[in-house]
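Residue numbers run from 1 in the order of the sequence given. As the structure is a computational prediction, the values presented were derived from the model and not from experiment. Note that these values count all heavy atoms, side chains included, but never hydrogens, waters or copies made by symmetry.
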Amino acid sequence: MQEPNDTEEDLGPVQGPEDPRTKQPAGKEKAWARLWIVYALLLINGLTVFIPFVLGAFGVCLTEKHWEYLHIVFPAEIGLLTAAMAFYFDPRN
């Protein structure tokens with residue numbers, strides 16, 4: 001009698017349980033989600049950049065504190081939004 005050898009036995013492909021929470025969206029859904037995220041992030045950035053200029057057009061004078069705040073917020077916001085977009089649009093996904 002021959003003993004079974006584990007290395008020669010074909011077990012077939014390994015399949016795990018399908019979890020609907022980890023399912024990736026289909027192509028069209030993913031495209032719409034990406035488009036929505038891009039526009040939302042651009043809107044956030046655009047509002048932060050253009051609000052001081054819109055306020056200036058209506059005669060609101062921004063003080064030195066406001067400009068100091070904007071000099072701190074712009075680089076941080078652009079860095080965070082760029083990181084979010086790079087994470088979401090990672091080509092390895």
Side-chain angles (χ1 to χ4, degrees):
M1 186 163 163
Q2 189 178 16
E3 292 184 26
N5 190 348
D6 290 336
T7 59
E8 294 177 10
E9 189 175 338
D10 183 21
L11 299 176
V14 177
Q15 295 177 349
E18 297 230 1
D19 189 358
R21 295 174 294 177
T22 60
K23 183 180 175 190
Q24 292 289 328
K28 206 172 210 182
E29 280 181 30
K30 198 171 191 176
W32 279 105
R34 285 183 175 188
L35 188 65
W36 186 87
I37 286 175
V38 166
Y39 285 137
L41 294 177
L42 288 175
L43 179 67
I44 291 168
N45 196 20
L47 287 176
T48 305
V49 170
F50 290 113
I51 282 178
F53 300 108
V54 171
L55 291 175
F58 288 108
V60 177
C61 184
L62 295 177
T63 64
E64 187 64 32
K65 286 183 179 180
H66 291 110
W67 288 111
E68 184 179 337
Y69 169 76
L70 291 174
H71 283 285
I72 293 170
V73 168
F74 283 156
E77 180 183 6
I78 289 172
L80 289 172
L81 293 177
T82 304
M85 289 177 69
F87 175 76
Y88 191 75
F89 292 106
D90 186 12
R92 294 176 285 185
N93 284 343

Is there a chain of hydrophobic side chains (I, L, V, M, F, W, Y, each step under 4.5 Å between heavy atoms) that links [X] to [Y]?
{"X": "I37", "Y": "L42", "result": "yes"}
{"X": "W67", "Y": "V73", "result": "yes"}
{"X": "V38", "Y": "L81", "result": "yes"}

Hydrophobic cluster (4.5 angstrom, side-chain heavy atoms) - remaining members for Y39: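 Y39 shares its hydrophobic cluster with W32, L35.
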Separation between CG of L62 and CG of L70, rounded to the nearest 0.5 Å: 7.0 Å
Side-chain donor/acceptor pairs under 3.5 Å, residues 43-55, sequence neighbours excluded:
residue	atom	partner	partner atom	Å
T48	OG1	I44	O	3.0
T48	OG1	E77	OE1	3.0
T48	OG1	E77	OE2	3.1

side-chain hydrogen bond (donor to acceptor under 3.5 Å, both in side chains) partners of residues 54-66, not counting sequence neighbours, each pair once: T63-H66
All pairs passing side-chain hydrogen bond (donor to acceptor under 3.5 Å, both in side chains) where residues 51-61 contributes a residue, at least two apart: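 Output for this query is empty, none listed.
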